[in-house]
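A note on names: the letters A, B, ... follow the listed sequences, proteins ahead of strands, and every chain is numbered from 1. Source: prediction; values computed, not measured.
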Amino acid sequence: ELKVEQNPLFLSMQEGKNYTIYCNYSTTSDRLYWYRQDPGKSLESLFVLLSNGAVKQEGRLMASLDTKARLSTLHITAAVHDLSATYFCAVVFVQGAQKLVFGQGTRLTINP
Amino acid sequence: GAGVSQSPSNKVTEKGKDVELRCDPISGHTALYWYRQSLGQGLEFLIYFQGNSAPDKSGLPSDRFSAERTGGSVSTLTIQRTQQEDSAVYLCASSSRLAGGAETQYFGPGTRLLVL
């Protein structure tokens, strides 16, 4: 079964703190994406990760991929309120054609 | 340039009626996808079109759902005899092939469907 699981599903943190969101997937993946969704809005692409050991950074967000562990992480450094959103990881499985299989989403709330 | 657009943005319908949802992909994108997002099921793939190839319909939940893509551009998702469990946000995405397979799916704003 093609499954993507995120952890945690809800995260409330203070500004200035660091935290990590985890994304596990069930079988060999072609590529992995991170998206951001603000309330009532659509999905905004953040990162695409293609290979083992890939690391990408944009501002206070850094994503990494370990294909052997079937794990991706999204690390937030010195969080600011503007990063409050729901974050989804999504995987294209080798046997799943081109469709994205999404995790459940992590609702991140950053408090002043 | 313009992103993916969808219409209508909101649709309220009565149970049993048919609805049509429209998607205009980014110009030049050959691939088009439909997903739906609901509280109970999260984000689910529905259907995928790539160029002139036969669509991948593996995510359509029942035969009440169908989609077409005319002229390789605009797509319409049709739901016949709507049920309350069809209430969700229907998202369209498009992408183009990039070297190394790094294509990204760009999402539209969605159509929020409410079936009463």
Could you tell me if B:Tyr35 and B:Gln105 have a donor-acceptor pair between their side chains, going purely by distance under 3.5 Å?
yes

Do A:Glu1 and A:Ser26 have a side chain donor and acceptor closer than 3.5 Å?
no

For the pair B:Arg22 and B:Glu20, find out whether any cationic side-chain nitrogen is under 4.0 Å from an anionic carboxylate oxygen.
no

Lys/Arg N to Asp/Glu carboxylate O, B:Arg64 vs B:Asp86, below 4.0 Å
yes

Mind listing the closest non-hydrogen atom pair of [X] and [Y] along with its distance?
X	Y	answer
A:Ala63	A:Leu74	CB-CD1, 4.2 Å
A:Met13	A:Asn18	CE-C, 4.0 Å
A:Ser42	A:Gln37	O-CG, 3.6 Å
A:Phe88	A:Leu43	CD1-CD2, 3.8 Å

Is a side-chain N or O of [X] found less than 3.5 angstrom from the main chain of [Y], in a donor-acceptor match?
X	Y	result
A:Glu15	A:Val80	no
A:Glu44	A:Tyr35	no
A:Asp66	A:Ala69	yes

Excluding sequence neighbours, so at least two apart, what forms salt bridge (charged side-chain N to carboxylate O under 4.0 Å, His left out) with B:Lys17?
none

A:Tyr22, OH atom: more than 12 neighbouring heavy atoms under 6.0 Å:
no

Heavy-atom distances under 4.5 Å only: say whether [X] touches chain A with side chain, backbone, both or neither.
X	result
B:Gln37	side chain
B:Leu91	side chain
B:Ser95	neither

For residues A:Val48 and A:Leu32, determine if any side-chain heavy atom of one lies less than 4.5 Å from a side-chain heavy atom of the other.
no

So if I take each residue of residues 106-116 of chain B and look for any heavy atom under 4.5 Å from a heavy atom in chain A, which residues do I end up with?
B:Phe107, B:Gly108, B:Pro109, B:Arg112

Quick one: which residues of residues 8-16 of chain B reach chain A at under 4.5 angstrom, heavy atoms only?
none

What residues of residues 101-112 of chain A sit under 4.5 Å from chain B when you count only heavy atoms?
A:Phe102

